[in-house]
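Contents: one structure, followed by commentary.
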Amino acid sequence: MSSEKRKQYPFDEIEPRWQARWENEKTFRTLNPGEAGFDASRPKFYALDMFPYPSGDGLHVGHPEGYTATDIISRFKRKAGFNVLHPMGWDAFGLPAEQYAIKTGQHPRTTTERNIKNFTEQLKRLGFCYDWDREVNTTDPGYFKWTQWIFLQLYNSWVNPATGKAQPISTYPGADADSVRLAYVADATVNWCPELGTVLANEEVVDGKSEVGGFPVERRPMRQWMLRITDYAERLISELDGVNWPEGIKALQRNWIGRSEGAEVSFAIAGAAEKITVFTTRPDTLFGATYMVLAPEHPLVAGITSAEQRAAVEAYQKESAAKSDLDRGVAKTKSGVFTGAHAVNPVNDAKIPVWIADYVMMGYGTGAIMAVPAHDERDFEFAKQFDLPILQVVQPSSADTDWQGFCGDGTAVHSGFLDGLPTAEAKKKIAAWLEEKGLGARRVNFKLRDWLFARQRYWGEPFPIVWENGKHRALPESELPVLPPDLADFKPTGTPEPPLAKAVDWVRYSDTATRELNTMPQWAGSCWYYLRYCDPKNAARFVGTEAEQYWMNVDLYVGGTEHAVLHLLYARFWHKVLFDLGHLTTGEPFQRLVNQGLILGEDGQKMSKSRGNVINPDAIVGEYGADSLRLFEMFMGPLEQVKPWSTKGVEGVHRFLARAWRLFMVEDQEGAWTLSPQLADVPPQKKQLKVLHETIKKVGEDCEALSFNTAIAQMMVCVNEFTGAEVRPVSALATFLHLLNPYAPHVSEELYERLRAKFPQLPEGLLSELPWPEFDAKNLVDDEVEIVIQVNGKVRDKVTVPNGTAAATLEPMALDREKVKEHIAGLTVRKVITVPGRLVNIVAN
RNA sequence: GCCGGCAUGGCGGAAUGGUAGACGCACCGGACUUAAAAUCCGUUGGGACCUAGUCCUGUGGGGGUUCGAGUCCCCCUGCCGGUACCA
C-alpha cells in the first residue's frame with residue numbers, strides 16, 4: 001500500500017522468520033535431569049510468570065510487561081550458562097469463561113480452547129523463549145487429575161499440633177478423623193452470590209460484592225467443603241521471613257492472616273451454667289471490664305436472654321442478620337441491646353451486664369468480648385452511647401494524656417494485684433494468674449478463616465468424593481481424573497444446588513453412592529502449576545522427584561499485586577502441605593517475587609474500555625514490531641513502578657533499533673538492505689572499546705538487578721558512540737548484538753546472521769545460544785580523568801590530570817588554580833579534602 | 001484510622017554520600033532535499049548580569065548530621081495502593 005508508512009527496518013519480515021525458526025528447531029527446549037543431553041554441570045534458573053487466564057479480550061499491554069522481564073532474564077541466564085526453566089500455561093477454569101459461555105450459548109471448553117489459541121499466537125508473536133513443550137492447561141484432564149490428587153492429599157491428612165505439620169490421617173489417634181482433615185465439610189455461614197449462583201471465598205468478596213462482576217453477596221448458612229488453612233496460619237506468617245519478596249506484599253499477607261497475641265478469659269454467667277469465653281489482646285485491663293458484648297448471632301444469646309429482653313433481642317438479631325458486613329461497617333453510631341443477663345468478672349466478682357451488638361462479629365475470636373470502655377475506642381463509644389460505666393485501669397505515661405479512651409501502653413491502676421505494673425508486665429502476670437486459676441489461657445488468634453473451597457458451578461474440577469449414607473469418602477487414586485459430565489445445560493440452578501446435579505447418570509456413582517456435586521474454585525489449578533512445569537508430562541506423579549528437586553524453588557516469580565493475598569497465600573499453603581507429607585523438598589515455592597507496576601493509559605488514568613485509553617499490543621507489534629514493544633515496556637521506567645503509556649516513547653525505542661540496524665545495514669535505491677561497506681574487521685578505537693566494555697558491564701549488572709530501563713539507556717549510549725564512526729569494527733558490533741539479544745531477540749539474531757555471512761570468523765550459531773560476553777576491566781579506565789575542584793562544596797573549576805594522580809599532587813594544583821584563588825581570597829584555608837580520581841574540596845572561611 | 005509505597009526539568013525517568021538531570025520524549029536551531037518525511041549534527045532546569053563568559057538558584061516543605069546530602073537521621077505536607085468496628 002502506498003499510504004503505508006515506510007518501515008525503518010524490515011521487522012515485519014525478520015520477526016516471523018525467527019519465531020518460526022525457534023519453534024521448528026525447539027531452540028528453547030529445556031531438558032530435565034535424566035534426559036539425553038542434559039548438562040548437570042550448569043547452574044539452574046527458574047523464571048516464572050503468573051500464567052494468564054485466557055480471556056476473550058486477548059492480551060493487554062500489562063501482560064508483556066512482566067513476561068518481557070522474565071524473558072530477558074531467562075535469555076540472559078541462558079547465555080550466561082544456566083539451565084533455564086521458563087514455561088507458560090493457562091489458568092483456564094473459572095467464572096468468566098462460564099459467564100461468557102452462558103451468555104453466548106457456547107460450551108466453555110469451546111470458548112476456552114479458542115481463547116488459548118489466540119493467546120498462544122499473541123505470545124508467540126512477541127518472541128518469548130518459552131519451552132512450549134511444557135505448556136500446562138488447568139482444564140486438561142491430564143492436569144486436573146493431579147489437582148484432584150492433591151485434594152485427596154489434603155483430605156487424607158491432618159496437622160499434628162505437636163509438630164505443626166501435616167501427616168497422614170491414618171496416624172490420627174482420635175476417633176473422629178473427619179473433624180481434623182485438612183479438607184473437611186462444615187456448616188458455615190458463607191458468602192452466597194445469587195447473581196453468580198455460587199458461594200465465594202472471603203478473599204473473593206470485596207466491599208460486600210463479588211470480586212468477579214461486582215454482584216451483591218449475602219451471608220447464608222450452607223454445608224461446604226473447607227480447607228483448614230488456619231492450621232498453617234503461624235507458618236504462613238513466620239516463613240515469610242525467609243523469602244525475598246517486596247515488603248508490601250509480605251505486609252499484606254501478614255495483615256490478612258492477622259496474627260494477634262492475647263488471652264482467652266472465661267466469664268461465668270450469673271444464674272446460669274454456661275460460660276462466656278472472650279479473646280482479648282489486653283488481658284491486663286480485665287479489672288476495667290464493665291460490660292460484655294456478644295455478637296448478635298452468638299449461640300449463647302438465646303439461652304441467656306431474660307424474658308423481659310427477649311423481644312428486643314430477637315428484633316435486634318433479625319435486624320443485624322439482614323445487614324451485610326458492609327452495612328455494619330459504615331454505621332455511624334454503635335447499636336446494641338441488653339440481654340438481661342449478667343456475667344461475673346473473675347478478678348473481682350463484679351456483676352457486669354451482657355449486651356449484644358453488631359460491632360462484635362462472630363467470625364473473629366470467640367464472637368464475644370469483654371468491654372473495657374476506658375481503654376478501647378469502640379467500647380468507649382458504645383459505653384457513652386448507652387451510658388455504661390467507664391473505669392480507668394491504665395495510667396498513660398505522659399501526664400497530659402487523657403486516660404479516657406487511651407489505648408496505648410501505660411501503668412496498671414485500680415487493678416488489684418496488677419497495680420503499678422507496666423502494661424507488658426501486667427499482661428504476663430494476669431495471664432499466669434488466669435492459667436493458674438483455670439479461668440483462661442494465653443492465646444494467639446488469627447483473622448484468617450478456613451478456606452471455603454466449593455463452588456456451585458460447572459466449569460471447574462469435580463471433587464474426587466462420593467457420598468454414601470450421608471457420609472463422604474474419597475475415590476481411589478485409580479479413578480482419577482474424575483471428568484465433569486458432558487452437560488448441554490450448565491447454567492447455575494439459581495439455588496444452592498450445583499448444576500452438576502442435572503447430570504443424573506453421572507451423579508449416580510453406585511446403587512448406594514452419589515458423587516459430590518460441587519466443583520473446586522479457580523484457585524485450585526493455580527496452586528501448583530509451577531510444580532507441574534518441572535515435569536509436565538509425568539503420568540505417574542504430579543511432579544517427578546528428580547525434576548522437582550532440580551528445579552525448585554522458583555528463582556524469580558513476576559506478576560501483578562492483585563494476587564498478593566489470594567493465589568500467593570493459597571499456593572504457599574498447598575506447597576507446605578505437600579512438603580510436610582514428603583512430596584516436595586522445599587517449604588516455600590517462590591524464592592523471589594517481583595510485582596510489575598501497572599501500565600496506565602496515555603492520559604495517566606487506569607486503562608479501561610470506558611475511558612477509551614486501552615492500548616492493544618497487537619497494534620503496536622503491527623506498526624513497530626515485537627522488539628520495539630518489548631524494548632519500550634522495559635524502557636518506560638523501573639519494572640515495579642506504575643507508569644503511563646507513551647506511543648511517542650515506542651517510536652523512540654523503535655528509532656533506536658533502526659539506528660542499531662543501520663550500524664550494520666544500508667538501503668540501496670531499490671529499498672533493499674545490504675551489509676554496510678563501513679563494517680571492517682579492524683580493532684575498535686580506545687574510546688569505542690571503553691564504551692563497549694562499559695556497556696557489557698552495565699547491561700549484565702542491570703539484567704541481574706532487573707533494572708532494564710538503565711540497561712537499555714546504556715545500549716543507546718553504545719549505539720550513539722558507533723553511529724558517528726567512519727569505520728565500524730565488526731568484533732565490537734558483534735559483541736553489542738549479544739547484549740541486545742535478550743531485549744530485542746529478533747533484530748539481534750538477524751543482524752548477527754547477516755554479519756557472519758560476510759565475517760565467518762565470528763562464532764557460529766544462534767545468538768541466543770552463544771555465551772554472554774565478558775568485560776575487561778582494563779578497558780574501562782581512562783588515561784586521563786577530570787577532577788572537580790570545589791571551594792566549600794561548590795564546583796569552581798575542573799582540571800584534567802593523568803589517571804592515578806596522587807592527592808599530594810592534586811592539592812597544590814587545585815590551590816594554584818586562578819578560579820580557586822579568586823574564591824578563597826581573603827579566607828583562610830582550613831582543610832582540603834581530596835578524593836583521588838574525583839575531586840578536591842577546599843574548605844576555607 | 002492503620003499498613004505499604006512514592007515525591008527530581010514541559011514529560012517518562014537517571015544518579016556506590018562526591019560535577020543533579022544519564023537515556024528517551026517534546027521543543028528549538030542547523031545539515032541534506034525543489035520541498036516534505038526520514039536521517040545526521042547541535043541547543044534546551046530556572047534566573048541575573050558586564051552574555052566567547054561569570055554568578056545566583058534548584059531534587060514536595062522545615063530542621064539536623066557531614067568538608068560535601070536527591071541520597072543518611074528527625075518532623076511536616078501531598079499523592080498512589082491496600083485494609084478497616086479484628087477485640
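Just so we're clear, the structure is a prediction, and the values are computed from it rather than from any experiment. In the text below, chain A, chain B and the rest are named by the order of the sequence lines, each starting its count at 1.
Here B:rG13 is the nucleotide among B:rG24, B:rG13, B:rG68 with the atom lying nearest to any side-chain atom of A:Asn709. Closest approach to the A:Gln8 side chain among B:rU39, B:rA87, B:rU19 is made by B:rU39 (side chain taken as heavy atoms from C-beta onward). Which of B:rA14, B:rC40, B:rU54 sits closest to the side chain of A:Lys819 comes down to B:rU54. With B:rG82, B:rA87, B:rC23 as the choices, the nucleotide that has an atom nearest any side-chain atom of A:Val360 turns out to be B:rA87. Here the side chain of A:Ile369 is nearest to one of B:rC56, B:rC40, B:rA87, namely B:rA87. Comparing B:rG68, B:rC23, B:rU39 against the side chain of A:Asn841 picks out B:rG68 as the nearest. Side chain of A:Gln641, nearest nucleotide from B:rC67, B:rG13, B:rA20: B:rG13. When distances are taken from the side chain of A:Arg659 to each of B:rC40, B:rG4, B:rA26, the shortest belongs to B:rC40. The nucleotide whose nearest atom lies closest to any side-chain atom of A:Lys648 is, among B:rA26, B:rG24, B:rA14, B:rA26. Comparing B:rG18, B:rC23, B:rC67 by their closest approach to the side chain of A:Asn720 singles out B:rC23.
Across all strands, A:Arg662 comes closer than 4.0 Å only to sugar-phosphate atoms, never to a base (heavy-atom distances). Among the atoms of the strands shown, base atoms are found under 4.0 Å from some heavy atom of A:Glu786. Looking at heavy-atom distances under 4.0 Å, A:Val788 makes contact with a base. If you check every strand for non-hydrogen atoms under 4.0 Å, A:Gly258 touches nothing. A:Ser646 comes within 4.0 angstrom of nothing in the nucleic acid, heavy atoms only. Within 4.0 Å (heavy atoms only), A:Glu377 reaches no atom of the nucleic acid at all. Across all strands, A:Ser260 comes closer than 4.0 Å only to sugar-phosphate atoms, never to a base (heavy-atom distances).
Between the side chains of A:Thr800 and A:Glu784, no donor-acceptor pair of N or O atoms lies under 3.5 Å. One side chain, A:Asp603 or A:Asn613, offers a donor N or O that lies under 3.5 Å from an acceptor on the other. A:Tyr359 and A:Ser335 share no side-chain donor-acceptor pair at under 3.5 Å. Side-chain N/O atoms of A:Asn445 and A:Arg259 include no donor and acceptor closer than 3.5 Å.
Using Watson-Crick or G-U wobble geometry with both donor-acceptor distances under 3.5 Å, B:rU54 finds its partner in B:rA48. With a cut-off of 3.5 Å on both Watson-Crick or G-U wobble distances, the partner of B:rG4 is given as B:rC80. In this structure B:rG68 sits in no base pair that meets the Watson-Crick or G-U test at under 3.5 Å. Summarising the base pairing, B:rG42 is matched to B:rC28 through a Watson-Crick or G-U wobble pair whose two defining distances lie under 3.5 Å. Of the nucleotides present, none pairs with B:rA20 by Watson-Crick or G-U wobble criteria with both distances under 3.5 Å.
Phosphate contact (OP1/OP2 of B:rG5, side-chain N/O of A:Asn595, threshold under 4.0 Å): absent. Dashed line: the shortest gap from a side-chain N or O of A:Arg838 to OP1 or OP2 of B:rC67 is not under 4.0 Å. The side chain of A:Arg655 contributes no N or O atom lying less than 4.0 Å from OP1 or OP2 of B:rC40. At B:rA87, none of the side-chain N or O atoms of A:His375 fall inside 4.0 Å of OP1 or OP2 (strictly under the cut-off). Contact between the side-chain N/O atoms of A:Lys250 and the OP1/OP2 oxygens of B:rC3 is not found at any separation under 4.0 Å. At the phosphate of B:rC67, OP1 or OP2 sits under 4.0 Å from a side-chain N or O atom of A:Lys831.
Salt bridge A:Glu65/A:Arg630: absent, no basic N to carboxylate O contact under 4.0 Å.
Between the side chain of A:Thr290 and the main chain of A:Pro389, a donor-acceptor pair closer than 3.5 Å is present.
With a glycosidic angle further than 90° from 0, B:rG13 counts as anti.
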Item checked: Verdict with supporting geometry, A:Asp797 and A:Arg817, salt bridge (charged side-chain N to carboxylate O under 4.0 Å, His left out) -> CA-CA 8 Å; A:Asp797 201 2; A:Arg817 302 287 292 184; 2.7 Å; yes
